[in-house]
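Report on the structure given below.
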Amino acid sequence: MYRIVNYSVVTLLGIAFLIPLIWTIFTSFTPTSEVTSSSNPFWIDNPTVSNYIEAWNTAPFIQYYYNTFIIVFGILAVQLFTITLAAYAFARLDFWGKNVIFILFLTQLMIPPDILIFPNYTIMKELGLVDSKLAVMLPYWASAFGAFLLRQTFKQVPIDLEEAAKIDGCSWWKILWHVYIPAAKPTYVAFALISISTHWSNFMWPLVVTNTVGSRPLTVGMAIFAQSFETGAQWGTVTAATIMVIFPLLLAFFVFQRQFVESFMHSGIK
Amino acid sequence: MEKKVNWLTGTGRGSLPPTRWKKNAFAYSLLLPSMIFLILFTYYPTLKSIYLSFFNSTMGQTEFVGLQQYKQLLEDDIFLKVMKNNLLLAIGTVPTSIFLAIYLAIWLNGKLKANAFLRAAFFYPTVIPMIAIANIWLFIYTPSYGLLDQFLEVFGVKGVNWLGDPSWVMYSMIFMLIWKEAGFFMIFYLAGLQNLPQDVYEAARIEGAKPFQIFRHITFPLLMPTTMFVLIIAVTNSFKLVDHLYIMTKGGPDNASNLLLYYIYETAFSFWDMGKASVLTVVLLVILLAISIFNYAYLDKRIHY
């Protein structure tokens, strides 16, 4: 009895949580004339893809997709490089000032670049990089979170393995490449998922630092697109644009669901 | 689980012995790539904000004014309103979403297929960009023909102007943010539940403890480290989630939904008031640092790093 009541509550809540998504999908296939007149928002008389076509034709979505793609993977590629080196140093080397540098790294966890929009904008201006994809990427090329996550994994690699390889005359980067990086594969996947979803979603910083179609990511492009409509009649087009932005993320989420959930779990425990 | 290791540096196990400056130079060269970006986009802008906060810069003129701009802030009604809103947002979202997260985690902990589906239903809002959520909820909250008002109409309740009414707009935001964040926190509780000792539960069951007693006296206290961790994330987040304001309200009506980071954005990029934007940035930095220092000082003893 007790279980049934609670399970019913949880199920009802689950449905309630899904409604915004289901409604968005439905509306994106509803013809403009039906959007506000229909009495049941979860029923379409004449399903159509015209909203998608209209959104696609009104805003340069291909360019936006391209920009987001470059930004997201440009950030990830450099991050993987910087966090690997830093994680190895923190996990396996003793050096002068280690504590101080570790605390300096911690600072980025407390003060993420996302909130430094104003000073970072002035820095980009000084560097002459305003309105470039590079400006969107640069502040995130170092990741303290990634370095710590990876350091934890590197520390679990048996040190004997490294010592044996060293005796065989292996250089440090060969050891890193053949021992540490393969051993940390799940951590890399977890970090990549978090990094990609975070930067795909990022809005405030790109809004501030970009101002033309050539550098704007999808989120900013969609927001500007959505802002150009005022009335409810355009819901169909705006929801179609919204789906276009979140679809890759939702797809990745459902494909990598286990890894997604585990990556967030890991980031929490460690 | 590493117990005897210094949590901060990790020294004490598995480190190679140092061989003077060559080793130092090697370590520094590995840290250099990260350091360049940390210095350029974290330390330097932080110091720059502090420095600029002592200068008034209007119409191309910069003038040293000391703490004057900080003093002005305390008389700035919008700033006080923004701080109040941030506080209200934290009080409104954090406890509710944490309790919801615990409740959901407890009931969705099993390996059933239906549980996996429901977990996804609660978690997916976390993956969606805030700006897309803003689009969706803008329509949900639209007066009369929005989804919420249509739903309420079924029960004969007449909706209000959820985003246009200063006395309702914060509640509407809080409701939306609980939807956005509860599933995220649920994940941490699912992880926490899996680490709980099962024998305690069996003992409690043999003693004939009621489910709610088990929750109150065993589960909840044992999940305390998780709760502390989630609490810190949740409070920090409440200062970072602002993208929705751009689409939904622009901080309005009459700044009733404005938040600190959005106020910085407006001050800097709509009004081009550099001095004030710097002061506001410093205030935000101090708040986040205070939360984090509490985090590391307090959680240090409770969570294994």
Side-chain angles (χ1 to χ4, degrees), chain A residues 2 6-7 10 14 17-18 20-21 23-24 36 41 81-82 85-86 88-89 92-96 98-99 101-102 107-108 110-111 113-120 123 138-139 141-142 147 155 159 197 201 203-204 208 219 223 226 232 235 238 242 245-246 249 253 257 261 264-265 268-269, chain B residues 8-11 14-18 23-24 27 30-31 33-34 37-38 41-42 45-46 48-49 104 107-108 118 120-124 127-132 135-136 139-140 142 145 147 150 179 187-188 191 211 229 240 242-243 246-247 261 264-265 268-269 277 281 284-285 288-289 292:
Chain A
Y2 187 78
N6 280 293
Y7 258 110
V10 171
F17 266 64
L18 276 173
L21 179 64
W23 174 82
T24 308
T36 49
F81 174 74
T82 57
L85 296 186
Y88 180 76
R92 281 294 137 92
L93 302 172
D94 270 339
F95 52 91
W96 186 81
K98 190 172 177 174
N99 289 7
I101 296 182
F102 199 84
T107 324
Q108 202 206 20
M110 309 179 198
I111 310 171
D114 311 68
I115 66 151
L116 294 164
I117 46 171
F118 169 62
N120 274 338
I123 289 167
L138 273 171
W141 272 357
K155 283 168 76 66
I159 193 132
S197 60
S201 301
F203 174 73
M204 212 47 162
V208 164
T219 46
W235 287 4
V238 176
T242 307
V245 173
I246 66 175
L249 285 173
F253 170 58
Q257 207 189 47
V261 169
F264 280 102
M265 274 176 162
I269 300 168
Chain B
L8 192 60
T9 59
T11 43
S15 296
L16 300 173
K23 186 128 249 166
N24 284 337
L30 293 184
L31 293 170
S34 296
F37 299 112
L38 287 176
F41 302 109
T42 301
T46 300
K48 193 176 171 144
S49 298
L104 295 174
W107 288 99
L108 297 176
L118 284 169
F122 290 111
F123 187 71
Y124 86 92
V127 193
I128 300 179
M130 195 67 202
I131 201 75
N135 267 340
I136 298 171
F139 298 149
I140 291 178
T142 302
Y145 48 166
L147 202 56
Q150 285 194 39
W179 172 83
I187 295 296
F188 297 115
F229 176 82
K240 285 192 249 173
V242 289
D243 298 355
Y246 182 83
I247 291 272
L261 186 50
I264 293 175
Y265 164 77
F269 302 105
T281 304
L284 183 53
L285 290 174
L288 290 178
L289 274 179
S292 305

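Chain letters run A, B, ... following the sequence lines, proteins first and then strands; every chain starts at 1.
- Within the 4.5 angstrom heavy-atom criterion, atoms from both the backbone and the side chain of A/V10 approach chain B.
- In plain terms, the two heavy atoms of A/L249 and B/P129 that are nearest each other are CD1-CD, 3.5 Å.
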Q: Evaluate the criterion ring pair (Phe, Tyr, Trp, His ring centres under 6.0 Å) for residue pair A/F17 and B/Y124; output intermediate values, then yes/no.
A: CA-CA 9 Å; A/F17 266 64; B/Y124 86 92; 8.1 Å; no
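- Contact count versus chain A (heavy atoms, under 4.5 Å) is highest, among B/L118, B/I128, B/N135, B/T42, for B/N135.
- Using a 4.5 Å cut-off between heavy atoms, B/L104 touches chain A through its side chain atoms alone.
- Residue contact with chain B, scored on non-hydrogen atoms closer than 4.5 Å, involves the backbone of A/D114 exclusively.
- B/T281 touches chain A through its side chain: at least one heavy atom from C-beta onward sits under 4.5 Å away, while N, CA, C and O do not.
- Of all heavy-atom pairs spanning B/S34 and A/A142, the tightest one is O-CB, 3.4 Å.
- With a 4.5 angstrom heavy-atom cutoff, A/W23 touches chain B only via side-chain atoms.
- A 4.5 Å side-chain heavy-atom check between A/T107 and B/T46 finds every atom pair outside the cut-off.
- Interatomic distance, B/F139 CZ to A/T242 OG1, rounded to the nearest 0.5 Å: 7.0 Å.
- Using bins of under 30°, 30° to 60° and over 60° for the plane-to-plane angle, the ring pair B/W107/A/Y7 lands in the perpendicular bin.
- Contacts between A/T24 and chain B at a heavy-atom distance below 4.5 Å involve the side chain alone, from C-beta outward.
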Requested in this report: For B/K240 and A/I115, run side-chain contact (heavy atoms from CB on, under 4.5 Å): C-alpha distance rounded to whole Å, both residues' side-chain angles, the deciding distance at 0.1 Å, then the answer.
Outcome: CA-CA 7 Å; B/K240 285 192 249 173; A/I115 66 151; 4.0 Å; yes
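- The parts of A/F203 that come within reach of chain B are both its backbone and its side chain, each placing non-hydrogen atoms under 4.5 angstrom from that chain.
- Between B/A132 and A/I246, the shortest heavy-atom distance links the atoms CB-CG2, 3.4 Å.
- With a threshold of 4.5 angstrom between heavy atoms, B/I136 approaches chain A through its backbone and through its side chain.
- From B/I264, atom CD1 reaches atom CE of A/M204 across 9.5 Å, with rounding to the nearest 0.5 Å.
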Do A/M110 and B/L288 pass the side-chain contact (heavy atoms from CB on, under 4.5 Å) test, and can you show the C-alpha distance, the side-chain angles, and the key distance before you say yes or no? CA-CA 6 Å; A/M110 309 179 198; B/L288 290 178; 5.7 Å; no
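- In this structure, the portion of B/F269 lying under 4.5 Å from any heavy atom of chain A is its side chain and not its backbone.
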Practice task
Apply side-chain contact (heavy atoms from CB on, under 4.5 Å) to A/T219 and B/D243, showing your working.
Solution key: CA-CA 10 Å; A/T219 46; B/D243 298 355; over 6 Å; no
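- Within the model, atoms OG1 of A/T82 and CG of B/L30 stand 12.0 Å from one another, a figure rounded to the nearest 0.5 Å.
- The structure places CG of A/L138 at 4.5 Å from CZ of B/F41, a figure rounded to the nearest 0.5 Å.
- For the set B/P33, B/P45, B/A27, B/A120, the count of heavy-atom pairs under 4.5 angstrom toward chain A peaks at B/P45.
- Of all the listed residues (A/A147, A/P119, A/A223, A/A89), the one sharing the greatest number of non-hydrogen pairs under 4.5 Å with chain B is A/P119.
- With respect to chain B, the highest number of heavy-atom pairs below 4.5 Å among A/I117, A/L85, A/N6, A/L18 belongs to A/N6.
- Using a 4.5 Å cut-off between heavy atoms, B/T142 contacts chain A through its side chain alone, with no backbone atom that close.
- Only the side chain of B/L147 comes within contact range of chain A, with at least one heavy atom under 4.5 Å from a heavy atom of that chain.
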